[in-house]
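To start, the structure under review is shown below, and the notes come after it.
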Amino acid sequence: MAAEKYFSTDVLLDILQRLPPSSLRRARLVCRHWRDVVDDRTTEMQSRAKPLIWDTCSAEAYVVNNLSAPWKATCKHMADPANYFRAGTQMVGTCNGLLCLCSNKEPGGAITVVNLATRQKLPIPPLRPKGLVVGRHVRPEWDKAYSFGYHPITGRYKVVHVPCSFDGVVYEFDAVHVLTLGEAAWREVPVVIPGGAKCNLNAGIISVDGATHWFTGGDSPTVMSFDLRDERITSTRPLSAALPAGRDRYHLTEVHGRLGFAVCDGSVTTEVWVLDNATWSCWYTFRRQDIPRPHFAYGEYVLTRESSSFYGHQRKAMLVSLGGTVGHVGRAKGTLVAKMKGECYCYRTFAYVKTTEPLNCFRQKPRR
């Protein structure tokens, strides 16, 4: 459909600017012309995602500004006037500027979705599933079993819980738990895979491109995907890279809106493989550089980490459609963009963009 045949681009822009952010994202899918108008001429969609550094020890957030010019980058403490970042709270994930938080003080974890820009919050009904396995001497990190995702076609946000064990054992389950923002209760979605499914919690659970993903356990792990639209669980194509034996030496990540995984060979090299057009391709190779989890790629720049310091690098090679060119990040440290305090394991990185996305529309109306 060519909208410009019926009314001018200025008229289309005037209409689009009256829409909420969720409707704008769906309007991008109409045609190429609409996508270009939304991306290039609406204020919110022009905002680029910034690195959000989350301190897991103190429950504080920091935002890195000007990563596209690392020599001018600044790391600022994220204001929390409504006191959402309380002790015992962890970041599950971010999506279109919304933050999904989990209080680990509550059994099973208490989930809340917040928008810091509008100071709105949406408490999620508590989950009381059977598949919460905790060892006698283990302090459960409930947040790690959740993921927060969005499907661009349906425009729906969903919180997904994958049953797992916190004592290092790969837990086998027969259903995942899902809650769509705006619904009153969690739902169980059966796993129709022979023998059930397993989750390697150490490799992370992430939501990207309209699906939630996790690694199975065992000697030959695969990536399982839960489609947020159809709510079906499938396995992805076989991995192109052999995974090391250690369950801590590979993890899932997001790379420019695509599913990826990082694998360390145990010496000096880390490779990042990306699923593009149903094919796994190596997009990044890091030499003597650690990458933060779960996000490290932001536009044309990537973050690396040395201890509690974060460095910005520009890709030295442009990616081609067939994945034939790899972005290499050598031994150079890059430009320091954030120097944090404390131990390196305390920090996780996410993508953040300021948004006016409303949360009140998802609240349940009281029954009369």
Side-chain angles (χ1 to χ4, degrees), residues 39 45-58 60-79 91 93-97 99 116 204 206 208 251-264 268-274 276 281-320 323 325-355:
D39 289 350
M45 294 304 165
Q46 286 180 320
S47 301
R48 293 187 176 182
K50 302 176 181 180
L52 184 154
I53 302 175
W54 176 257
D55 188 333
T56 62
C57 294
S58 63
E60 294 179 295
Y62 302 82
V63 175
V64 177
N65 297 299
N66 297 322
L67 186 61
S68 58
W71 58 91
K72 296 191 298 182
T74 58
C75 182
K76 295 185 177 181
H77 184 266
M78 178 176 281
M91 184 85 68
T94 62
C95 193
N96 299 328
L99 311 183
L116 293 181
I206 69 168
V208 56
H251 66 268
L252 291 171
T253 186
E254 177 183 348
V255 183
H256 308 302
R258 298 173 176 86
L259 174 65
F261 70 91
V263 55
C264 178
V268 298
T269 302
T270 297
E271 294 181 343
V272 178
W273 292 75
V274 177
D276 187 29
S281 303
C282 183
W283 279 25
Y284 290 96
T285 299
F286 295 85
R287 297 279 296 177
R288 300 186 186 278
Q289 300 280 3
D290 291 329
I291 59 174
R293 298 177 57 176
H295 293 261
F296 75 95
Y298 301 85
E300 293 300 315
Y301 289 81
V302 298
L303 284 183
T304 61
R305 188 195 68 207
E306 181 177 298
S307 186
S308 56
S309 296
F310 293 82
Y311 298 86
H313 305 256
Q314 187 174 19
R315 290 190 295 179
K316 294 185 178 180
M318 296 298 292
L319 303 176
V320 298
T325 302
V326 178
H328 294 278
V329 180
R331 296 180 60 182
K333 285 186 176 181
T335 303
L336 179 67
V337 297
K339 187 175 180 60
M340 315 301 293
K341 299 179 181 179
E343 301 294 335
C344 60
Y345 64 83
C346 292
Y347 299 99
R348 303 185 73 208
T349 49
F350 300 90
Y352 175 73
V353 58
K354 188 176 180 179
T355 182

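- The side-chain contact (heavy atoms from CB on, under 4.5 Å) search around Cys57 returns Asp55, Cys346, not counting sequence neighbours.
- Contact of the Gln289 side chain with the Thr270 side chain is not registered, since no non-hydrogen atoms from C-beta on lie closer than 4.5 Å.
- The closest side-chain heavy-atom distance from Val274 to Thr253 is not below 4.5 Å.
- Every residue meeting the ring pair (Phe, Tyr, Trp, His ring centres under 6.0 Å) condition with Phe296, not counting sequence neighbours, appears here in chain and number order: Tyr284, Phe286.
- Considering CG of Leu99 and OH of Tyr352, their distance stands at 6.5 Å, rounded to 0.5 Å.
- Residues that satisfy the side-chain contact (heavy atoms from CB on, under 4.5 Å) test with Ser68, not counting sequence neighbours, are Tyr301.
- Taking all atoms of both residues into account, the shortest heavy-atom contact from Tyr311 to Gly334 is CD2-O, 3.9 Å.
- With a 4.5 Å cut-off on side-chain heavy atoms, Lys50 and Leu67 do not count as touching.
- Side-chain contact between Ile291 and Val302: absent, with no pair of heavy atoms (C-beta onward) separated by less than 4.5 Å.
- Considering every non-hydrogen atom in both Gly204 and Leu252, the closest pair reads O-CD1, 3.6 Å.
- Pro294 is not listed as a side-chain neighbour of Glu254, based on a closest heavy-atom distance of 4.5 Å or more.
- Here Leu116 contributes atom CG and Lys354 contributes atom NZ; the two are 10.0 Å apart, rounded to the nearest 0.5 Å.
- Qualifying salt bridge (Lys or Arg N to Asp or Glu O under 4.0 Å) partners for Glu60, counting only residues two or more places apart in sequence or in other chains: none.
- Arg288 has its side chain within reach of Val268: a pair of non-hydrogen atoms, C-beta onward, lies under 4.5 Å apart.
- Summarising the geometry, atom NZ belonging to Lys76 is positioned 6.0 Å from atom CG belonging to Asn65; distances are rounded to the nearest 0.5 Å.
- Residues satisfying the side-chain contact (heavy atoms from CB on, under 4.5 Å) test with Thr335, not counting sequence neighbours, are Pro70.
- With sequence neighbours excluded, the residues that form a ring pair (Phe, Tyr, Trp, His ring centres under 6.0 Å) with Tyr62 are His77.
- Between Arg258 and Asp276 the shortest heavy-atom distance is NE-OD1, 3.1 Å.
- Note: Thr304 OG1 to Arg287 CZ = 15.0 Å, rounded to the nearest 0.5 Å.
- Rounding to the nearest 0.5 Å places OG of Ser309 at 9.5 Å from CE of Met340.
- Residues Pro292 and Phe310 share a closest heavy-atom pair of CB-CE2, 3.9 Å.
- Contact detail for Leu52 and Tyr298: the closest heavy-atom pair is N-OH, 4.5 Å.
- Of all non-hydrogen atoms in Gly312 and Val337, the two that sit nearest each other are N-CG1, 3.9 Å.
- A distance of 5.0 Å separates NE2 of His295 from OG1 of Thr94, quoted to the nearest 0.5 Å.
- In this structure, Glu271 and Thr285 have side chains that are in contact, with non-hydrogen atoms separated by less than 4.5 Å.
- Side-chain N/O atoms of Arg293 and Thr349 include no donor and acceptor closer than 3.5 Å.
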